[in-house]
2 protein chains.
Amino acid sequence: MLRAGKIDRGTPAAGDEQPPPAAGQQATTTPRRRAASSADEAYEELRQAIHRGDLMPNERLIEVELASRLQVSRGVVRTALVRLGQDGLVVLTPNRGAHVRLVSEEEAVEILQVRAVLEALTARQAASNATAREVTEIRAVLDRMAQRLDSDDLLGYSEGNANLHAAIIAAARHDTAAKLIAGLRGQLVRFQYRTILVPGRAAQSLDEHAAIVEAIAARDPDAAEVAMRRHLGHVESTLADTATAIRHRADPSDGTHPA
Amino acid sequence: MLRAGKIDRGTPAAGDEQPPPAAGQQATTTPRRRAASSADEAYEELRQAIHRGDLMPNERLIEVELASRLQVSRGVVRTALVRLGQDGLVVLTPNRGAHVRLVSEEEAVEILQVRAVLEALTARQAASNATAREVTEIRAVLDRMAQRLDSDDLLGYSEGNANLHAAIIAAARHDTAAKLIAGLRGQLVRFQYRTILVPGRAAQSLDEHAAIVEAIAARDPDAAEVAMRRHLGHVESTLADTATAIRHRADPSDGTHPA
DNA sequence: GTCTCCTAGATTATCAACAATCTTGTGGAC
DNA sequence: GTCCACAAGATTGTTGATAATCTAGGAGAC
């Protein structure tokens, strides 16, 4: 469902939203810090509800219903939906309302491909631009990931994974890429924790991340880019494999079986 | 300024908007063809007005004014502005309205960098996925570019340039990348025709494009990607050079002049 | 003369009512 | 029994009015 009431914008939720403080430059709206308008609150609340899975893919979003849940007027919900539509999280059909967008397996692969080249760019930039302080931080995150993997804490590992990517993006100082990556990540909720559960994938993943960090620390942009591309390329093929595997397991209830 | 009245959606304007028929899948709204609602019309009209330069960067956008010009209600203008804000064309400041976003020289470089890696991806995909028919078409576009360069038709060459990139993107069949590239292109109006005017740049540009086309025709994804990156890398450095050159020419009023 | 406070105008933000459209269910014809 | 037409309900689209906020200019104090 969707818990009603105002949201607390102070804490960006326990989960891993997009790189929180990010590089800089906030959303196009609210450039100065300013009491978040109810419009912004509604937008953020819906965004997180989708991200959190409270609003399921293909679920129909009825304006009056959301309005009463969020305790705002319908117009506010409406503009929030327009914004969400614009960044691809919901689909707006004229006169027929809004659905949470369901991204197909194929789209997920496309999104990962794009993310791969964008994050490769940030890895490259990070190798050039990261401060010594940031390199230390990145190394620390990697170490924590290794510890969690040792103690079989896959969820913690996955979280560290997100943190590492976020740290690299922050160090890259590339707002344009950062913003696009954040937008893409927002569309991939459904496939978040799938790949890391593949047997043996986690160990391999750690090696790949280590290579990326090495390259950045060595100030080698080319190597950093290659390492990042290799890493996300593996994620992509792992995802594609598990997808077909799931299909072959004769499970027709996968997604909405669009195929 | 901004010519009032309804827009003619039949002809996508003489200029080179984003890859017109593109791969497929239209904007998030209006998935079925359906009489464009006044909301969509207003959105498109404003979008093109910004793209065309009728609305200058940093120009303040007053809702009632736009409403009367477009002959729609203020609410319609408002949601159009929200959408434009969401895709980065205008900046919305709470209680203070909307401005056309001015992209700085630095942001332009960032945007080009991102475009470079994304279009490199599409070049790669095109090398894998293009039909024979599409390869022929791409070659034809390149030939036309050569002819126009021969006859010193730089504007026509520039148009062919856009067509070639569009054709490659279409052949790539990668909706996610296509959509992002279109969004990025929309933010770069101000720097559109600058680089091609640098002496000797056009000839070099043609060679670079030829290399890309060769690689796609040869079904060599790696080569296609490298060639595209080289090409847009050169565009980027050319842009950066002319930018500093202009600055050194002691022209402090650089900025809003379309140059 | 310069600064601060305050008022008037302009503009945006929000809301509630109305109109247009779609969806669903019922009844009748064949 | 199945299909089509139609009506009722539900939902979205649009508009205009009202409230909140900001901006600019002037009066007054020092």
Anything under 3.5 Å between a protein N or O and an N or O of nucleotides 10-12 of chain C, put it in a table, one pair a line.
from: dT12(C); atom 1: OP1; to: Leu61(B); atom 2: O; distance (Å): 3.4
from: dT12(C); atom 1: OP2; to: Glu63(B); atom 2: N; distance (Å): 3.3
from: dT12(C); atom 1: O3'; to: Asn95(B); atom 2: N; distance (Å): 3.4

Q: For Gln86(A) and Tyr43(B), run side chain to side chain donor-acceptor pair (under 3.5 Å): C-alpha distance rounded to whole Å, both residues' side-chain angles, the deciding distance at 0.1 Å, then the answer.
A: CA-CA 12 Å; Gln86(A) 209 62 11; Tyr43(B) 170 69; 2.8 Å; yes
Q. Which is it for His174(A) and Gln113(B) under the side chain to side chain donor-acceptor pair (under 3.5 Å) test, yes or no, and what are the steps along the way?
A. CA-CA 10 Å; His174(A) 200 297; Gln113(B) 288 174 338; 2.7 Å; yes
Q | Gap between atom CG of Leu180(B) and atom CG of Leu118(A) - 0.5 Å precision | A | 7.0 Å
Q) Looking at CZ of Arg185(B) and CD of Glu119(B), how far apart are the two atoms once the value is rounded to the nearest 0.5 Å? A) 8.0 Å
Q. Between Arg115(B), Arg101(B), His51(B), which is the residue that forms a side-chain hydrogen bond (donor to acceptor under 3.5 Å, both in side chains) with Gln187(B)?
A. Arg101(B)
Would you mind reading off the distance between [X] atom [atom1] and [N] atom [atom2], rounded to a whole angstrom?
{"X": "Glu59(A)", "N": "dT11(D)", "atom1": "CD", "atom2": "P", "value": "14 Å"}
{"X": "Gln71(B)", "N": "dT15(D)", "atom1": "CD", "atom2": "P", "value": "12 Å"}
{"X": "Leu66(A)", "N": "dT12(D)", "atom1": "CG", "atom2": "C1'", "value": "13 Å"}
{"X": "His99(A)", "N": "dT23(C)", "atom1": "NE2", "atom2": "C1'", "value": "12 Å"}
{"X": "Glu41(B)", "N": "dT14(D)", "atom1": "CD", "atom2": "C1'", "value": "14 Å"}

Q: Using the side-chain contact (heavy atoms from CB on, under 4.5 Å) rule, take Val72(B) and Leu66(B) through it: C-alpha gap first, then chi angles, then the decisive distance, then the call.
A: CA-CA 8 Å; Val72(B) 296; Leu66(B) 295 177; over 6 Å; no
